[in-house]
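Working notes for the structure below.
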Amino acid sequence: AAVQNSLMVTYTRCGELEIARHLFDEMSCERNVISWGSMIAGYAHNQRASEAFELFREMQKRRLKMNWVIVTTLLPACSYLAAIKQGKEIHSQIVKADLVPDVMVWNALIDMYAKCGNVDNARQVFDRMSKRDVVSWNAVIGGYGTNGYGEVALGLFKEMQQEGIVPDHITLIHVLSACSHAGLVEEGWQIFNSLSETFDVRPRVEHYACMVDLLGRAGHLDEAEQFIHNMPKEIEAS
RNA sequence: CCACCAGUUCAUA
């Protein structure tokens, strides 16, 4: 079954969903939970979220057990459809099912709520977690940032460090982006300038892009231009 | 010693 599943995944990665689906349909006894998960992920990753849900419903109709992997592929599909109702539905199923690697499941939930614009629910999930990893923090910070609560995002960023969680390069993308959405130019500069020294993060294109975005949105166009001009060329190349 | 059957956060557009 493993080889069949791999083949399916290969097709989904090429966008050949019909072929993948055909393989899926032709599987009989070797079709396992991974086959289901792969097909669902195939739809989800190819902007066909509603078909992902269709297949998921089919799975439940057959009383097959879902697992945490499936949940973490379905939740981003909810955000894609801005379907907070579906998300809440899955949330309640998660609570019932008591899925194993909870951290990842909660992280996905945080992100789903945040992307659907419901930062309060996102925060609630975050607050109730017994263990949080860097992704949990990244997800809430990002959630506040994209919803315009830059100061809250920065506050959490600080708090995270106080808790001894080491920010990674993704954290800093979230933080800079939060500054950008909230017009926090000064803060953004400060953070950007301390990327390598205090955060041990090698600045990447994304960080530079955040800064350009930040300056541009704030109307500091000349400064943005200057910034781009002074960019290292290895960044420019990427 | 280890190589992968699906999996959460990652700017702009």
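Chain A is the first sequence line, chain B the second, and so forth, proteins listed ahead of strands; every chain is numbered from 1.
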In terms of side-chain heavy atoms of [X], which of [options] is nearest?
X        : options               : result
A/Glu206 : B/rC5, B/rA6, B/rC10  : B/rC10
A/Arg217 : B/rU12, B/rC10, B/rA6 : B/rU12
A/Met104 : B/rU9, B/rC5, B/rU8   : B/rU8
A/His169 : B/rC5, B/rA11, B/rC10 : B/rC10
A/Ser6   : B/rC5, B/rA6, B/rC10  : B/rC5
A/Ser177 : B/rA11, B/rC10, B/rA6 : B/rA11

NA contact type, [X], heavy-atom cut-off 4.0 Å: base, sugar-phosphate, or nothing?
X        : value
A/Ala209 : base
A/His174 : sugar-phosphate
A/Arg132 : nothing

Length of the [atom1]-[atom2] vector between [X] and [N], whole Å:
X        : N      : atom1 : atom2 : answer
A/Phe157 : B/rU9  : CZ    : C1'   : 15 Å
A/Trp137 : B/rU8  : CH2   : P     : 22 Å
A/Asp133 : B/rC10 : CG    : P     : 14 Å
A/Tyr144 : B/rA11 : OH    : P     : 19 Å
A/Lys131 : B/rU9  : NZ    : P     : 22 Å
A/Asn67  : B/rU8  : CG    : P     : 13 Å
A/Ile170 : B/rA11 : CD1   : P     : 9 Å
A/Arg204 : B/rC10 : CZ    : P     : 15 Å

Please test A/Asn138 against A/Asn107 for side-chain hydrogen bond (donor to acceptor under 3.5 Å, both in side chains), starting from the C-alpha separation and ending with a verdict.
CA-CA 9 Å; A/Asn138 291 352; A/Asn107 291 349; over 6 Å; no
Is the phosphate of B/rU8, meaning OP1 or OP2, less than 4.0 Å from a side-chain N or O of A/Lys115?
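No, no such contact exists.
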Look at A/His181 and B/rU12 and indicate whether a side-chain polar atom (N or O) is within less than 4.0 Å of OP1 or OP2.
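Checking A/His181 against B/rU12: at least one side-chain N or O falls below 4.0 Å of OP1 or OP2.
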So, are [X] and [Y] salt-bridged, with charged N and O less than 4.0 Å apart?
X       : Y       : result
A/Lys61 : A/Glu58 : yes
A/Arg48 : A/Glu18 : yes
A/Glu89 : A/Lys85 : no

Scan residues 24-45 of chain A against RNA chain B and write down, sorted by residue number, each residue with any heavy atom closer than 4.0 Å; if none is found, say none.
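Per residue number, the list reads A/Val33, A/Ile34, A/Gly37, A/Ser38, A/Ala41, A/His45.
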Would you kindly confirm whether A/Val166 and A/Leu176 end up in one hydrophobic cluster when ILVMFWY residues are joined by side chain heavy atoms under 4.5 Å apart?
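No, A/Val166 and A/Leu176 fall in different hydrophobic clusters.
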Nearest non-hydrogen partners of A/Met129 and A/Ser136, listed with the distance:
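Minimum heavy-atom contact is CE-OG, 3.6 Å.
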Centroid-to-centroid, A/Phe126 to A/Tyr144, below 6.0 Å?
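No.
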Check step by step if side-chain hydrogen bond (donor to acceptor under 3.5 Å, both in side chains) holds for A/Tyr113 and A/His91.
CA-CA 10 Å; A/Tyr113 279 123; A/His91 189 163; 2.7 Å; yes
